[in-house]
Structures are given as structure tokens and as C-alpha cells.
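Report on the structure given below.
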Amino acid sequence: MSSTKTISTIAFSTVLLCTGLTSAFAADETLRSLAEERHRYIGAILNSEWFYGNIEAEFEQIHKTQFNAVVAENEMKFDATEPNENTFSYDKGDKMVKYAQENGMRVRGHALAWHSQVPGWVNNYSGQKEKLLSVLKNHIDSVVGHWKGKVAEWDVVNEAVNDEYDAGWRSSNSVWYEGIGPEFLDSAFVWAHAADPDAELCYNDYSLEWGLREKSKASFVVEQVKRWKENGIPITCVGTQTHIEISHETTPQNVRALAKALAELDVTLNITELDIGFPKGSADQLGAADYAKQGHLYRQFMDVFLEEPNMGEFVIWGLTDAHSWLDDQQGKTQGLLYDKQYKPKPAYDSIMVSLKAHPASEVKSPYPSSQFNPPCEGDGCGDSPDAVVPVTASKFSAQISGRALFIAGAKSAKVDVFDMQGRPVFSAKNVKGSVELQGIAEGLYVVRVRDGSASLTKRITIR
Ligand code: 9MR
């Protein structure tokens, strides 16, 4: 048994003890392990309380055992990262990125251009197009640049469509739209791509799960994605937030239809903020049948997610009903996978069942398999076929310039490059400082740098 397996099993056993989980699943089967076998990401936000060390110990233990993707509830937003003009605050986001690296998790960055959670100083420039363009560009250059290679995917634009029956851009109460016009969206994608060419770039919104009808929000977004793709705007994904209620029974199939429409455009669809709430105040009256119904709806989303090849991430907007924006800000409650005592609800079991009902051999993934289990040799790497969590601590960074790979922070590194099917195409030992990646065709690859027990894996583009 590898050391990673041991660590994960201990971690999960701790979770079992802490939560009293008595589920029928094997001890080393978690949402995360099943998603990873299927080359998919399952995530939950880190609630703001986590960032301030103000959350129960079970939270983190469950979070890193059950999920392989992570998003900050508020801490990477504009008001958090640039509270004063050109003064950036990265501490909280850095804390999350370190946590993700230590636990082998994918980071979603949320969110760059959004009309909400914009600091007051930006609003002082209302209506000043040139100034707002430079403010937005500087923000995107700085924030995306700061986490280049560490944030796998950004919500570049969030919630830019209005709530009208006849959907269009949100033209009021948006400092960006009112000051710049719709070109703020196109520009944001271009700037984000320039700041990190390897990052996936998403348009993210709510109510997309209401379906593709004439003039609906989802149809409007598909039209815009088509236009962006035709014009070379570097969008790679759409996020459907999917904050729904227990009565919204048709929404999973609407998400399926949206995934299919986006597949035509070669764009991934991610579920980015799922929660399925009951009416506020109903908690005391809810019984087994209600929670079973909630589980059934969660399961349908997971079924759709696993059956549509262009879906990659299934992210839930919270972990436990003890900490959820639904109770604080919405007329809803009890929408997550764990109850207030951190006990898994039927919703947890039903998405486990869905994962197990979709064998890994039948689930397609938009991501290269090397992202999940890059081939490896040597001590402590891949010696157990059922290792659960690759726990590696990255002490260093790697940057590509042309064909030169520069490595900082490693004494003597082993460098391996794999193509997007996971086949080795280059290998060098004892690398100090930099190495020329000779003999590889131009394109997208995965590079793995190892020094002792530390390891870094990232995507690179050879031009
Ligand atoms: O969960 C977030 C909550 O703590 C904040 O107060 C709120 C402020 O806008 O934002 C919540 O997160 C939102 C996300 O950033 C975008 N989609 C809707 C989410 C729930 O409101």
C-alpha cells in the first residue's frame, strides 16, 4: 500500500468517526475517488468561515477527502482581491491555493468581471469608458497573472445576462456594461487568456437550468458563445450555477440539453454552484421522503453530468447545511449534502450511487487522463493501483518560454512531459534551473517536475 493510500484512508476513517457515517460504501470510496477514476472533478466551495479559521474541524477533513475541486465563496472576487485601486490582496486566495496544492485539488477562480461585489472605488469611475477599461484590464492582468498556472479555470464573466423574459445583456446596475458596453465581456476573455494562456475560461450564470427556449437566458448564452467562438474569443467553458429548489424537477434534463448545445460549439459545461433547497422555515417538518426526493434530484444531476462527455466539474455551493448562503440570504434551507451535524444526507448516498452506476470505462471526460494520474516511475509513485489521493507538496514552480522550461525552487529535478493522451514524449533527469524541451511538436502537453517527494504537474503549450 502506498503512503498516499495510507494517508487518505486514515483521513477518511477520521471522517467516519467524526460524522458517524454508516453508509454502505467501502471505506476508501469517496465522491472524490469515484470522480477521479472517471476523470472528472467534484467540488465544494470553501465557505468564508474557513478562510478565517472559524469553522468546525470536520469541515476541512470531509472537504479534502470528498472533493478534488475547490472554489472560494467570496475571497477571489473583485472586492476581496483589489479592495483599493491597484492595491491587491492575495492572502486569502493564496491560502486556498496552498490548501489545494497540498491536497491535489483543482482550483476554480471566481470571479473576474461581475456587476456585484465591486468595490466602491470602481463605482467612482461610473460612465468613464477608457478608465473602466484600464481598471478591468489591470485587475485581470494582475489577478490572473498572480495565480498563473495555479488556478485551472476562471469565471471570467459572471451573471452578465438580465432576468427579463426576453433575455439580453444586463444593462443596468452594472458598472461594466453601463460604462463600457458589451465589449467588456469580449475584452475580459482576451485579457484573461493573455494573462494565463493555459487556464480554462468560463462564462458563468444562474437560471441557465431553466432551459433552451426562444429568448431564454440559456439560449441567449449559447448564441453568445457561438459568436465568441466564431470571432476567436477564447472561451472554453460555461458554468451553470444551478441554485434550485426541490420543486424544480425538470432542471436536470434542461442541463443535459444545454450540454449538448455547447458540445456542438466545442465548449465544456460545468455545474458550478449547485444547491437544492427546501422552503425556508420547513426544516422541522422535513422527513425521510423529502430528503429522498432531494437525493433523487441530486442523483439526476450527477447522471446527466456523467453521461454528457463535455461536462467536467460538478461543484456544490457549500458542504454542510450548518454553513450555507441559502439560510442567510435566500428563502431556502437544507440544500446541501451534509446536515448541520456533518452527517451525510440521502443526497450524498444518491450521488455515490450514480457514480457507481456509471463505470469509469463508460464515462468520457473533457480533460486529458494525465491530469488525473500522470504515468510515473520511482519511489512512492503509482505502486498501488488503487491509491486514492495523490498527496504532493509543490515547493517549486515551472514556467515555459518557447521550448525552455524554467524551474525555480528545485535542487535537481526530474522532468517528464506527456501528451494529452498521457504518453511520455520527453524526459530529463538532474535538471537544474532550466531544460530545453527538444524533439516535441508544437501543442499542448502536461509536464511533471519532481524533486525528491515534491511534485508539480501543469499544462504547457509548446509554440
Ligand atoms: O455565497 C456568497 C455569499 O456569501 C455572498 O454574500 C454573496 C454576495 O453576492 O455571494 C454568494 O455567492 C454567489 C456567487 O458568488 C455567485 N452566484 C450566486 C452565489 C450565491 O449568491
Side-chain angles (χ1 to χ4, degrees), residues 43-55 59 63 67 69-83 89 92-93 95-96 107-120 122-123 139-140 143 151 153-163 167 170 173-177 185 188 201-210 217-218 221 237-245 248 251 255 258 269-278 280 301 313-338:
I45 56 169
L46 284 169
N47 290 83
S48 288
E49 293 88 344
W50 177 87
F51 288 87
Y52 293 88
N54 193 14
I55 204 155
F59 180 93
H63 192 274
F67 301 104
V70 62
V71 187
E73 181 170 24
N74 289 298
E75 290 65 21
M76 283 192 177
K77 294 174 179 174
F78 203 128
D79 58 352
T81 48
E82 195 180 353
S89 171
K92 297 275 183 316
K95 178 178 167 174
M96 181 174 86
V107 179
R108 296 198 81 245
H110 173 80
L112 298 170
W114 186 22
H115 65 279
S116 184
Q117 290 183 274
V118 174
V122 174
N123 290 309
H139 183 79
I140 291 174
V143 174
V151 169
E153 174 170 311
W154 280 101
D155 285 333
V156 178
V157 180
N158 193 38
E159 301 178 3
V161 181
N162 63 24
D163 298 319
R170 181 187 298 278
N173 297 323
S174 165
V175 69
W176 307 120
Y177 189 95
L185 292 101
L201 304 179
C202 296
Y203 175 78
N204 192 50
D205 214 330
Y206 58 86
S207 298
L208 300 183
E209 73 280 2
W210 285 107
K217 203 161 183 171
V221 167
C237 42
V238 166
T240 170
Q241 295 184 3
T242 325
H243 296 287
I244 63 158
E245 292 171 26
H248 295 166
T251 49
V255 167
L258 179 58
L269 177 66
N270 293 318
I271 295 175
T272 51
E273 305 186 13
L274 182 61
D275 45 35
I276 304 178
F278 292 98
K280 193 162 185 155
F301 278 110
E313 296 166 333
F314 185 102
V315 180
I316 302 163
W317 204 249
L319 186 153
T320 156
D321 293 333
H323 303 284
S324 167
W325 79 295
L326 291 180
D327 292 289
D328 296 343
Q329 297 171 32
Q330 293 277 296
K332 292 193 261 179
T333 191
Q334 312 295 111
L336 300 170
L337 298 187
Y338 287 81

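For reference, positions follow the sequence shown, starting with 1. These numbers were taken from a predicted model, which means no experiment stands behind them. First listed ligand is number 1; within each ligand, the first listed atom is number 1.
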Do you know which of Gln334, Lys332, Gln241, His243 makes side-chain hydrogen bond (donor to acceptor under 3.5 Å, both in side chains) with Asp275?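 Option passing the side-chain hydrogen bond (donor to acceptor under 3.5 Å, both in side chains) with Asp275: His243.
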
query = Counting from 1, what ligand 1 atoms have a heavy atom of Glu159 closer than 4.0 Å?
reply =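 Selected atoms, number and element: 16 (C), 17 (N), 18 (C).
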
- Query: Under 4.0 Å from any heavy atom of His243, which atoms of ligand 1 are there?
  - Reply: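 Going through ligand 1 atom by atom, the ones under 4.0 Å from His243 are 18 (C), 19 (C).
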
Among all protein heavy atoms, pick the one closest to [atom] and tell me residue, atom and distance.
| atom | value |
| --- | --- |
| atom 10 (O) of ligand 1 | Lys77 NZ, 3.2 Å |
| atom 21 (O) of ligand 1 | Trp325 CZ3, 3.0 Å |
| atom 19 (C) of ligand 1 | Glu273 OE1, 3.4 Å |
| atom 8 (C) of ligand 1 | Gln117 OE1, 3.2 Å |

Side chains of Met96 and Glu75: closer than 4.5 Å at any heavy-atom pair?
->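 Not in contact.
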
Fill in: Test item: side-chain donor near acceptor, Trp325 and Gln330, under 3.5 Å
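On atom types as modelled, these side chains do not qualify, holding no pair under 3.5 Å.
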
Discussion item. I need the minimum non-hydrogen distance between Val255 and Leu269, along with the two atoms involved.
Written reply: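 For Val255 versus Leu269, the nearest heavy atoms are O-CD2, 3.7 Å.
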
Quiz item: Hey, is Asn74 touching ligand 1 through its side chain, its backbone, both or neither, going by heavy atoms under 4.0 Å?
Solution: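 Looking at Asn74 and ligand 1, just side chain atoms fall under 4.0 Å.
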
Check: Looking at ligand 1, does Tyr206 have a heavy atom less than 4.0 Å from it?
Finding: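 Contact absent.
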
Exercise. Would you say Gln329 contacts ligand 1, with heavy atoms under 4.0 Å as the rule?
Worked result: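 Judged by the 4.0 Å heavy-atom criterion, Gln329 does count as contacting ligand 1.
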
By the definition ring-ring contact (aromatic ring centres under 6.0 Å, His included), identify the one residue from Phe78, Trp176, Trp114 that meets it with His139.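 Result for ring-ring contact (aromatic ring centres under 6.0 Å, His included) with His139: Phe78.
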
Next on the checklist: Nearest non-hydrogen contact with atom 15 (O) of ligand 1 belongs to which option: Gln330, Glu73, Met76, His110?
Outcome noted: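 Ranked by closest heavy atom to atom 15 (O) of ligand 1, first place is His110.
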
Worksheet item: So, the side chain of Tyr338 versus the backbone of Phe59: is there a donor-acceptor pair under 3.5 Å, distance only?
Response: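 Checking the backbone N and O of Phe59 against the side chain of Tyr338, no donor-acceptor pair under 3.5 Å is found.
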
Name the one of Glu73, Glu273, Glu313 that satisfies salt bridge (Lys or Arg N to Asp or Glu O under 4.0 Å) with Arg108?
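Option passing the salt bridge (Lys or Arg N to Asp or Glu O under 4.0 Å) with Arg108: Glu313.
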
